Amino acid sequence: MDEAKLNQLKDFVEQCKADPCVLSDPSLSFFRDYLESLGASIPAHSHSHGDSKSKSYVVEESDDDMADAEAAQVHVEEEEEDEIIESDVELEGDTVEPDNEPPQKMGDASVEVSDENREASQAAKSKAVEAISEGNLEEAIEHLTEAILLNPTSAIMYGTRASVYIKMKKPNAAIRDANAALEINPDSAKGYKSRGIARAMLGQWEEAAKDLHLASKLDYDEEISAVLKKVEPNVHRIEEHRRKYDRLRKEREDKRIERERLRRRAEAQAAYDKAKKQEQSSSSRRPGGMPGGFPGGMPGGFPGMPGGFPGMPGGFPAGMGGGFPGGMPGGFPAGMGGGSPGGASGGPPGGAPRGGAPGGFPGSTPGGVPGNVDFSKILNDPELMSAFSDPEVMAALQDVMKNPANLAKHQANPKVAPIIEKMMSKFGGPK
């Protein structure tokens with residue numbers, strides 16, 4: 001027997017002596033059966049590996065569930081912590097309660113005004129100005145209403161009445177008159193001024209600032225400037241408040257998007273890890289695996305042990321070879337080479353011509369592995385032996401063994417393709 005193989009077998013036996021639980025691995029069930037058939041006694045606790053594994057698996061699943069629940073809980077807490085409660089803006093300046101009286105009388109600006117009515121309208125306005133100077137605001141409103149009805153096309157009449165309503169602290173009435181004045185004359189400075197002051201009285205600071213700036217451009221006066229000095233600080237506070245909470249809402253939305261991205265990434269990683277574990281678990285349960293022993297099986301068998309290692313499916317019979325770990329049903333795909341005519345290089349007499357044996361290696365019998373291969377070259381090749389211990393490589397190899405047509409889909413895998421190529425070189429037929 002090859003010395004390297006003997007050393008490997010000795011190492012495995014020593015490992016079994018040191019830890020009999022090694023024999024509990026499901027992939028070594030064939031070996032336990034063989035030992036028991038010889039009358040060997042297997043420690044009872046070594047058989048409990050399956051139970052313990054199942055229990056461990058249950059615990060792991062439970063831990064995963066708990067982790068998922070905790071992750072969900074963290075997500076909820078984050079949502080609650082990120083909830084934005086917008087504070088009130090600290091503003092300065094006095095405001096008044098909105099006036100909810102019925103709308104004042106308005107004229108019809110589409111009517112044609114006679115010269116007589118225009119003169120009468122001016123006379124009513126003069127009386128209103130006199131009443132204003134005396135502080136009789138209600139009387140002034142009556143005279144201005146008369147003037148508007150006589151000449152409903154005058155923006156000045158509406159603007160003047162709006163200014164009186166402001167003195168009476170009736171901002172809504174003032175806004176109605178200011179709007180009427182601006183409909184007649186969009187460049188009415190008095191209309192913008194009255195509406196701006198009325199809006200400031202209602203606490204509509206931003207709208208008030210806009211109207212007052214327009215009025216100032218059309219006809220600047222000290223009253224407009226004085227009101228703006230009270231309005232603009234509040235406008236700045238409102239704008240800063242809005243920017244602050246817009247920023248907070250954007251940050252909150254960015255965090256939500258990032259959490260969602262991380263959640264999807266974590267789910268994808270968990271799905272990948274789960275599939276990887278299932279693949280590794282499936283590989284470890286396939287016949288031919290020895291944890292801590294020979295990677296992926298015992299290719300080549302041991303000389304002197306007819307039929308390969310007892311009970312190992314797919315082991316190589318002594319001096320011949322029968323397959324790789326887990327067996328190679330059908331060999332490699334047709335087209336990789338077949339047997340040589342007349343049994344050349346280990347092929348049987350009358351073997352198929354080169355390339356004609358379906359599913360064979362170069363120089364092999366149809367459907368099998370070559371008979372002229374020195375398996376010590378494989379056992380002594382560190383790269384191949386290391387690859388046989390990789391579940392991903394072994395799964396790919398066994399996938400190809402089961403269906404040679406699957407070879408193409410593994411050729412792009414940088415981990416698998418070089419191993420297949422190297423194995424083909426080891427199994428190469430005669431040059």
Side-chain angles (χ1 to χ4, degrees), residues 27 261-291 294-300 313-316 321-339 352-370 372-375 377-431:
S27 63
R261 185 186 71 80
L262 293 175
R263 183 189 65 78
R264 290 196 300 267
R265 180 179 176 181
E267 287 179 351
Q269 184 65 41
Y272 172 80
D273 292 343
K274 183 177 180 181
K276 197 73 175 176
K277 287 179 181 179
Q278 290 177 343
E279 180 182 349
Q280 292 174 349
S281 175
S282 176
S283 298
S284 68
R285 288 183 173 85
R286 292 192 181 102
M290 286 191 178
F294 307 115
M298 293 184 175
F316 298 121
F324 263 81
M328 288 188 177
F332 268 72
M336 288 188 176
R354 178 174 298 279
F361 278 103
S364 70
T365 58
V369 295
N372 62 331
V373 175
D374 183 357
F375 288 100
K377 293 182 179 180
I378 295 176
L379 292 173
N380 293 328
D381 188 318
E383 183 182 3
L384 287 179
M385 297 306 291
S386 175
F388 293 155
S389 66
D390 188 324
E392 183 178 355
V393 174
M394 291 308 300
L397 289 175
Q398 291 176 354
D399 183 43
V400 173
M401 307 309 166
K402 291 177 182 178
N403 185 358
N406 291 337
L407 176 63
K409 75 179 183 183
H410 297 291
Q411 287 179 339
N413 188 326
K415 186 186 290 187
V416 176
I419 300 304
I420 293 179
E421 182 178 355
K422 194 163 191 177
M423 287 179 61
M424 291 175 63
S425 69
K426 297 287 186 183
F427 282 80
K431 306 292 184 184

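Given the structure is predicted, the values throughout are model-derived calculations rather than measurements.
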| Do side-chain atoms of S389 reach the backbone of S386 as a donor and acceptor pair under 3.5 angstrom? | yes
| said: Test of understanding: with side chain to side chain contact (heavy atoms under 4.5 Å, CB included), list the residues that count as partners of R264, not counting sequence neighbours. | reply: E260, R261
| remark: Q411 meets the side-chain hydrogen bond (donor to acceptor under 3.5 Å, both in side chains) criterion, sequence neighbours left out, with none
| Heavy-atom check, side chain of H410 versus side chain of L397, under 4.5 Å | no
| note | Interatomic distance, CG@D390 vs CE@M385, rounded to 0.5 Å, equals 13.5 Å
| remark: Separation between CE (M394) and CD1 (I419), nearest 0.5 Å, reads 10.5 Å
| message | With rounding to the nearest 0.5 angstrom, report the CD to NZ distance, E279 to K276. | response | 5.0 Å
| task | Can you sort out the partners of D273 under salt bridge (charged side-chain N to carboxylate O under 4.0 Å, His left out), two or more places apart, ordered by chain and number? | result | none
| By side-chain hydrogen bond (donor to acceptor under 3.5 Å, both in side chains), which residues pair with N413, not counting sequence neighbours? | E392
